[in-house]
Amino acid sequence: METRVAVISIIVTEEAAVQELNALLHQYGQYVIGRMGIPYRSKGVNIICVAVDAPQDIINALSGKLGRLKGVTAKAAYSNVADRN
């Protein structure tokens, strides 16, 4: 199956969404390479970047589920490298 390396950039504006967001990231944990979170307290937002290596449909599904959470915006950026496992 072909996998892609991508980053999902996430902006969280509502603290109530964090528990469900973390549950989704845990659910897709087998695809996560790494994660970085930055609390931007003066603006009241949290910025999260998640690096993944997964089939494109999995990345799209995760990004879409994250973006549908209230108070969360998520966008995926893909590398040009695809790998067949």
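Just so it is clear, the model here is predicted, and its values are computed rather than measured. Atom set for the values below is all heavy atoms of this structure, side chains included, hydrogens, waters and symmetry mates excluded.
When the side chain to side chain donor-acceptor pair (under 3.5 Å) test is applied to Gln56, the partners found at least two apart in sequence or on another chain are Arg4. Legend: residues meeting side chain to side chain donor-acceptor pair (under 3.5 Å) with Tyr78, ordered by chain and number and at least two apart, are Asn60.
Remark: Ile10 CD1 to Ile8 CD1 distance equals 6.0 Å, nearest 0.5 Å. With rounding to the nearest 0.5 Å, the separation of OG1 in Thr3 from CG in Asp53 is 4.0 Å.
Listed by first then second residue, pairs satisfying salt bridge (Lys or Arg N to Asp or Glu O under 4.0 Å) with a partner in residues 10-19 read Glu14-Lys70, not counting sequence neighbours.
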Could you tabulate the donor-acceptor pairs under 3.5 Å formed by side-chain atoms of residues 41-52, not counting sequence neighbours?
none

Would you list the atom pairs, donor with acceptor, under 3.5 Å between side chains in residues 22-31 and any protein atom, with sequence neighbours excluded?
residue	atom	partner	partner atom	Å
Asn22	OD1	Arg35	NH1	3.1
Asn22	OD1	Arg35	NH2	2.9
Asn22	ND2	Val18	O	3.4
Tyr28	OH	Lys65	NZ	2.9

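Closest non-hydrogen pair, Ala54 versus Ile59, comes out as O-CD1, 3.5 Å. Nearest heavy atoms, Ala74 versus Gly67: CB-N, 4.0 Å. Scanning all heavy atoms of the two residues, the minimum distance from Ala17 to Leu69 falls at O-CD1, 4.3 Å. Nearest heavy-atom pair, Ala76 versus Ser63, reported as atom, atom and distance to 0.1 Å: N-OG, 3.9 Å.
Put simply, Leu66 and Val7 are part of two different groups of oily side chains (I, L, V, M, F, W, Y) that touch within less than 4.5 Å, one to the next. By the rule that hydrophobic residues join a cluster once side-chain heavy atoms approach within less than 4.5 Å of another member, Ile11 and Tyr40 end up as members of one cluster.
Side-chain atoms of Ser79 come within 3.5 Å of backbone N or O of Val5 as a donor-acceptor pair.
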